[in-house]
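Here's the structure we're looking at; comments come further down.
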Amino acid sequence: MWAKPASSTTTSSDTPLPPPPAPDAVDIRTIFISGHRNPDVDSIASAYALADLHQRQGDRRVRAICPGLLPARAAWMFEHFHLTPPASRSDVYVRVSDLLSGDVPSVPASVTLYEALRILNESGESALPVVGEDGTFVGMLNPIVLLSQFLALTGEGRGLSLAGRTVCSTVEMIAGLLKAEILCEGAPRSGLRLFDVYVAAASPDSFECRMDAVSGVREIAIVCGDRPNIHANVVARRFPLLIITGDSPLDPATLRDATSAGTAILRTRYDSGKVIRLLKFATPTGYAPLEKEGILLQASDRVHDVRATVLRSPDNIFPVLDGEHRLAGIVRKRDFTSPPPFRMILVDHNETDQGIPGIEEIPVLEVVDHHRIAFRPTPEPIKYTADVVGSTCTIVTKMFRAAGLRPSRAVAGVLLCGIVSDTLLFQSPTTTQTDRDVAAWLEKICGETAASLMEGLLSVASVLSSMSLRDAINSDRKSYVEHGFSFALSQLEESNLQVYHRHLPELRAELEAIRAAEKLDFIALLVTDPVRGNSELVYAGQEAVRRALPYRRGEGGVFLLPGVLSRKKQLLPQILAVLAGTP
């Protein structure tokens with residue numbers, strides 16, 4: 001039994017892209033640029049713009065992705081500038097479909113076994129998948145399995161054994177294999193037939209006796225050379241198939257009788273010995289003994305889930321199926337020990353726990369960020385660009401300028417949206433003069449002001465009104481493990497505090513449910529009013545941490561944080577200070 005183991009980015013530049021670079025020693029098919037999970041506008045905008053920069057510099061393998069669902073405000077940004085947003089991905093785990101080999105042929109189940117073995121031999125593979133007309137996987141053509149059948153000592157029995165005489169095929173397939181001339185087509189028959197093959201090598205009397213014993217029991221195929229009397233005898237007995245070897249002649253009278261008798265007559269230049277050997281390979285491959293036991297992979301399988309099973313297998317080549325049992329391709333054992341075919345560039349984060357799921361398996365080439373550095377050690381040097389600014393888009397804009405490139409109008413608008421969103425239109429304490437200078441340069445390119453774009457972003461419906469409460473909490477959430485505490489901090493912008501206050505009891509219950517499900521010590525939601533420049537904090541978790549928070553309580557048990565706009569610069573440092581002193 002087969003067993004199952006347990007859109008490209010749109011560039012906004014009018015400049016033609018150069019040809020792709022020469023392939024690396026490692027087959028890196030795609031370099032993903034991704035922000036943190038539950039992305040915000042700055043995260044998505046910086047990924048999109050950095051991908052555009054890399055492509056304009058000649059690396060067309062680079063593609064921005066959105067880790068999860070595209071937030072409503074980011075969707076407004078791309079629609080406003082008439083751009084196609086990055087494709088959404090739930091993870092970057094390497095899947096079996098990413099390892100598929102495109103250079104391995106499959107064998108149609110309808111071709112003769114002889115043709116199938118020719119295809120196998122030319123491929124240089126140890127086995128090949130066999131597929132039906134609709135692409136459905138039938139089995140693996142494995143020479144070892146075939147050899148065990150050919151060498152089976154079944155005597156006079158049926159099957160593919162070299163000692164057996166039965167051939168499962170059709171007249172047409174036999175004619176094609178023997179490169180034979182069809183002198184008489186015989187009685188019309190559809191489908192496969194089981195022929196018991198006999199060589200007329202004995203005397204006429206012995207042949208008569210032998211045929212008397214088998215006539216009427218099975219479909220008989222006779223192989224003989226220049227023996228006119230045998231030819232006539234086969235037709236007289238209405239045997240279904242006569243194969244004349246050595247291009248021997250056929251009496252015209254026998255041919256006329258064969259038409260009415262329904263006997264098919266083939267004539268080949270091969271001698272009788274070769275014909276007998278070849279007939280064993282006239283069976284359609286789908287009816288031959290195929291390998292029916294082995295590992296059956298699905299294209300959607302994650303590589304790290306099946307790697308151990310594959311490496312323990314004695315096989316070296318494995319069929320991969322889609323969801324409808326059709327062959328998607330094959331993978332080789334060595335593919336499971338090769339480096340991943342992807343690489344990653346991280347923007348607006350550098351901590352693995354905050355990245356898109358699967359990032360821990362993918363080598364990171366580059367980081368562009370404006371947060372604290374908590375990146376894992378790397379086996380090789382990587383490019384790391386960080387700065388103390390209010391937005392990752394500010395850093396990406398500086399990278400454009402350092403490269404001597406000017407972003408297109410649309411990309412400049414995307415960068416400006418990221419800056420005004422992350423700095424809350426320069427009100428956040430994370431804002432620097434660099435953010436303001438860069439924004440002024442982008443305003444000139446895109447032809448819009450920072451204030452007008454901020455107004456457009458804030459015009460998008462309230463997050464709490466446009467999605468479920470859990471999705472709202474997770475829409476901009478980061479997880480941390482510090483001082484022995486596992487916790488999460490979420491943030492959402494909400495200028496309509498009435499909507500937020502109306503949902504406060506449900507928000508508190510949802511936070512508690514998330515905390516319990518993920519076994520967090522605590523989780524907190526920072527609700528920021530960018531218009532008034534204030535925030536409120538909703539907390540769920542350990543009471544010792546709650547008591548230590550240095551904020552004033554408001555109605556409904558929330559904490560009031562006047563003037564606090566930044567999770568990174570204002571809230572997180574205060575939380576870490578509290579945890580350092582909390583047992």
Side-chain angles (χ1 to χ4, degrees), residues 2 100-152 158-162 164-182 185-186 188-197 219 221 223 240-241 243 264 266-270 274-294 296 315-322 324-330 332:
W2 285 101
L100 290 179
S101 299
D103 58 343
V104 177
S106 58
V107 177
S110 59
V111 302
T112 63
L113 186 56
Y114 184 89
E115 174 65 11
L117 290 173
R118 184 194 64 79
I119 296 172
L120 177 64
N121 182 61
E122 292 181 356
S123 74
E125 300 292 340
S126 59
L128 284 181
V130 178
V131 296
E133 291 184 2
D134 60 352
T136 301
F137 175 72
V138 177
M140 292 293 288
L141 180 65
N142 188 324
I144 296 177
V145 174
L146 284 176
L147 184 61
S148 67
Q149 291 295 318
F150 277 131
L151 296 181
R158 309 163 85 87
L160 278 180
S161 166
L162 293 177
R165 66 172 69 256
T166 303
V167 172
C168 177
S169 190
T170 66
V171 171
E172 292 76 14
M173 295 182 77
I174 292 173
L177 177 61
L178 299 179
K179 299 180 180 178
E181 177 186 4
I182 301 178
E185 294 183 352
R189 289 286 302 272
S190 61
L192 294 174
R193 303 166 71 174
L194 290 174
F195 295 105
D196 273 10
V197 180
E219 291 202 90
V223 178
L241 178 61
I243 302 173
L266 309 180
R267 181 164 57 192
T268 176
R269 60 183 174 84
Y270 297 143
K274 184 169 185 177
V275 167
I276 290 298
R277 292 192 297 272
L278 286 176
L279 281 177
K280 285 296 177 181
F281 299 93
T283 298
T285 306
Y287 288 83
L290 302 177
E291 185 178 3
K292 299 293 186 180
E293 296 183 0
L296 197 59
D315 297 324
N316 288 311
I317 189 169
F318 304 90
V320 180
L321 308 188
D322 64 13
E324 298 182 359
H325 206 74
R326 289 193 297 261
L327 183 73
I330 67 98
R332 301 177 178 90

For this session: Decide side chain to side chain contact (heavy atoms under 4.5 Å, CB included) for V145 and L290; before the verdict, give the C-alpha distance in whole Å, the side-chain angles of both, and the deciding distance to 0.1 Å.
Result: CA-CA 7 Å; V145 174; L290 302 177; over 6 Å; no
Determine whether a donor-acceptor pair (N or O, by modelled atom type, separation under 3.5 Å) exists between the side chain of [X] and the backbone of [Y].
X	Y	answer
S106	P129	no
R332	N316	no
T268	L178	yes
N121	G124	no
S169	A282	yes

For this session: May I ask you to check whether over 12 heavy atoms, not counting those of E115, lie within 6.0 Å of atom CD?
Result: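 More than 12 within 6.0 Å, yes.
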Problem set entry | Atom CD of E122 with >12 non-hydrogen neighbours under 6.0 angstrom |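 More than 12 within 6.0 Å, yes.
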Using 0.5 Å steps for rounding, measure from the [atom1] atom of [X] to the [atom2] atom of [Y].
X	Y	atom1	atom2	value
L141	E291	CG	CD	10.0 Å
L296	F137	CG	CZ	6.0 Å
L192	Y287	CG	OH	5.0 Å

Nearest heavy-atom pair of [X] and [Y]: which atoms, and what distance?
X	Y	answer
V171	R193	CG2-NH1, 3.9 Å
P105	I119	CG-CG2, 4.1 Å
A116	V107	CB-CG1, 3.5 Å
L120	P143	CD2-CG, 3.4 Å
I317	S126	CG2-OG, 4.0 Å
E219	R189	OE1-NH1, 3.2 Å

Problem set entry | Matching residue for P319 among V130, L327, V138 - test: side-chain contact (heavy atoms from CB on, under 4.5 Å) |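 Passing option: L327.
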